[in-house]
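Whatever order the structure lists ligands and atoms in, that order sets their numbers, starting from 1.
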Amino acid sequence: MELKNAVAVVTGANRGLGRHLAAQLLERGAKVYAAARRPETVDLPGAIPLQLDVTDAQSIQAAARTASDATLLVNNAGISTGTPLIAGSPDAVRGEMEVNFFGPLAVTRAFTPVIESNGGGAVLNVLSVLSWLHPAGLGSYAASKAAAWALTDAAREELAPRGITVTALHVGYMDTDMAAGVPADQKADPAEVAAQALSGIETGLPEVLADETTRYVKQQLAAAPSVA
Ligand SMILES: NC(=O)c1ccc[n+]([C@@H]2O[C@H](COP(=O)([O-])OP(=O)(O)OC[C@H]3O[C@@H](n4cnc5c(N)ncnc54)[C@H](OP(=O)(O)O)[C@@H]3O)[C@@H](O)[C@H]2O)c1
């Protein structure tokens with residue numbers, strides 16, 4: 001998909017990776033709706049702030065009505081609570097699933113007819129190396145990203161006949177607020193990750209593996225699970 005003259009909706013565009021994706025989409029010539037729970041926190045010159053909480057059905061419907069010229073949806077918004085699945089709070093587990101799985105599902109369902117009616121386009125889902133690697137301390141987040149990975153693959157097949165390509169972005173730690181406690185030398189530059197993701201959309205890749213850790217973990221998927 002050509003990004004010049006595309007019309008993009010980026011969720012969670014007020015900070016972190018979403019802000020980089022929105023900024024680089026503008027640089028590549030796209031019109032950008034920078035979606036955020038609090039649109040007043042969007043500070044990107046040239047972007048159109050758009051109110052969108054991915055857990056709020058009314059907010060999603062209103063955003064789809066406003067951004068009725070969209071041709072590209074970037075499901076970027078996410079949370080990571082550090083909740084283990086067994087000992088952790090059930091509400092935290094459900095909350096993480098709401099934002100990281102049911103959120104992108106609901107937003108994709110709302111924007112599919114919009115993108116289709118504009119002649120087709122693309123969806124980018126921001127996933128993680130933890131779609132495949134499931135450490136106990138991040139069990140809830142990993143389960144939500146594994147579910148979002150399945151969503152991405154199923155949506156790719158379901159949306160292809162409707163003229164919409166679906167790209168998965170898998171990445172390890174990035175230098176954003178979400179990974180603030182992680183040492184700097186273990187984090188990828190989110191600007192670099194955003195650039196890879198957008199090039200992946202432009203060439204119609206089904207999957208972008210943005211760092212060495214992610215490429216290694218994917219290669220190891222055929223091995224038996226290990227017990228720490
Ligand atoms: N950072 C990493 O190490 C890492 C690694 C792999 C994958 N990822 C994924 O990358 C994506 C971006 O994360 P990030 O690193 O940029 O994290 P971040 O800096 O914490 O930003 C998260 C973004 O998601 C938004 N958000 C949270 N809940 C939302 C909701 N209910 N509705 C709409 N927006 C919501 C936040 O908005 P507010 O400002 O309103 O809270 C914020 O804009 C996420 O999907 C994350 O899971 C991150």
Interatomic spacing from OG in Ser68 to CZ in Phe111 - rounded to 0.5 Å: 9.0 Å

Asp91/Arg94 salt bridge by N-O under 4.0 Å criterion: no

Options Ser59, Ala180, Ala77, ranked by nearest heavy atom to atom 26 (N) of ligand 1, top entry: Ala77

Nitrogen or oxygen atoms of Val99 and ligand 1 under 3.5 Å apart: no

Donor-acceptor contact present, side-chain Thr83 to main-chain Val93, <3.5 Å: no

Side-chain H-bond candidate by donor/acceptor type, Asp53 with Thr55, under 3.5 Å: yes

Atoms in ligand 1 with a heavy atom of Tyr141 nearer than 4.0 Å: 6 (C), 7 (C), 8 (N), 9 (C), 46 (C), 47 (O)

Non-hydrogen atom of Lys145 closer than 4.0 Å to ligand 1: yes

Ligand 1 contact on Leu130 by region, counting heavy-atom pairs under 4.0 Å: neither

Closest protein heavy atom to atom 45 (O) of ligand 1, given as residue, atom name and distance to 0.1 Å: Asn76 O, 2.7 Å

Parallel, tilted or perpendicular, as decided by the 30° and 60° cut-offs, for the rings of Trp149 and Trp132: perpendicular

Heavy-atom side-chain contact between Asp43 and Arg19 under 4.5 Å: yes

Atom pairs and distances, donor-acceptor, side-chain atoms in residues 30-39, under 3.5 Å, two or more places apart:
residue: Lys31; atom: NZ; partner: Tyr33; partner atom: OH; Å: 3.4
residue: Lys31; atom: NZ; partner: Asp69; partner atom: OD2; Å: 2.6
residue: Tyr33; atom: OH; partner: Asp69; partner atom: OD1; Å: 2.8

Contact summary for Thr112 and Leu159, nearest pair of heavy atoms: CG2-CD2, 3.7 Å

Under 3.5 Å side-chain donor-acceptor pair for Thr71 and Asn118: no

Contact with ligand 1 for Leu127, non-hydrogen, under 4.0 angstrom: yes

Residue and atom name of the nearest protein heavy atom (relative to atom 40 (O) of ligand 1), distance in Å to one decimal: Arg37 NE, 3.0 Å

Where ligand 1 meets Ile79 - atom numbers and elements under 4.0 angstrom, heavy-atom basis: 27 (C), 28 (N)

Non-hydrogen atoms of Ala210 and Gln196 that approach each other most closely: O-NE2, 3.0 Å

Nitrogen or oxygen atoms of Tyr173 and ligand 1 under 3.5 Å apart: no

Pair Glu207-Thr167, side-chain donor/acceptor within less than 3.5 Å: no

Side chain, backbone, both or neither: the part of Arg19 lying under 4.0 Å from ligand 1 by heavy atom: neither

Close N or O approach (Val54, ligand 1; < 3.5 Å): yes

Distance in Å, Lys187 NZ paired with Tyr173 OH, rounded so as to fall on 0.5 Å steps: 10.0 Å

Any side-chain donor near an acceptor of the partner, Ser144 and Glu96, under 3.5 Å: no

Gap separating the CG atom of Asn76 from the CG atom of Leu17, nearest 0.5 angstrom: 5.0 Å

Nearest non-hydrogen protein atom, atom 36 (C) of ligand 1: Arg15 NH2, 3.8 Å

Closest protein heavy atom to atom 5 (C) of ligand 1, given as residue, atom name and distance to 0.1 Å: Gly172 O, 3.0 Å

Proximal atoms of ligand 1 relative to Gly16 (non-hydrogen, under 4.0 Å): 16 (O), 19 (O)

Under 4.0 Å to a heavy atom of Ala179 - the qualifying atoms of ligand 1, by number: 3 (O)

Closest approach of any protein heavy atom to atom 14 (P) of ligand 1, naming residue and atom: Thr176 OG1, 3.5 Å

Min heavy-atom dist Ala188 to ligand 1 below 4.0 Å: no

Residue and atom name of the nearest protein heavy atom (relative to atom 17 (O) of ligand 1), distance in Å to one decimal: Met178 CB, 3.5 Å

Top protein contact for atom 2 (C) of ligand 1, by heavy-atom distance: Met174 N, 3.5 Å

Ligand-side contact atoms (ligand 1) for residue partner Asp177, heavy atom cut-off under 4.0 Å: 19 (O)

Point-to-point distance, once rounded to the nearest 0.5 Å, from CG of Leu25 to CD1 of Ile201: 6.5 Å

Closest protein heavy atom (residue, atom, distance) for atom 43 (O) of ligand 1: Asn14 OD1, 2.6 Å

Atom indices of ligand 1 within 4.0 angstrom of Gly12 heavy atoms, with elements: 25 (C), 43 (O)

Contacting atoms of ligand 1, where contact means under 4.0 angstrom from a heavy atom of Leu52: 32 (N), 33 (C)

Ligand-side contact atoms (ligand 1) for residue partner Gly78, heavy atom cut-off under 4.0 Å: 22 (C), 24 (O), 27 (C), 44 (C), 45 (O)

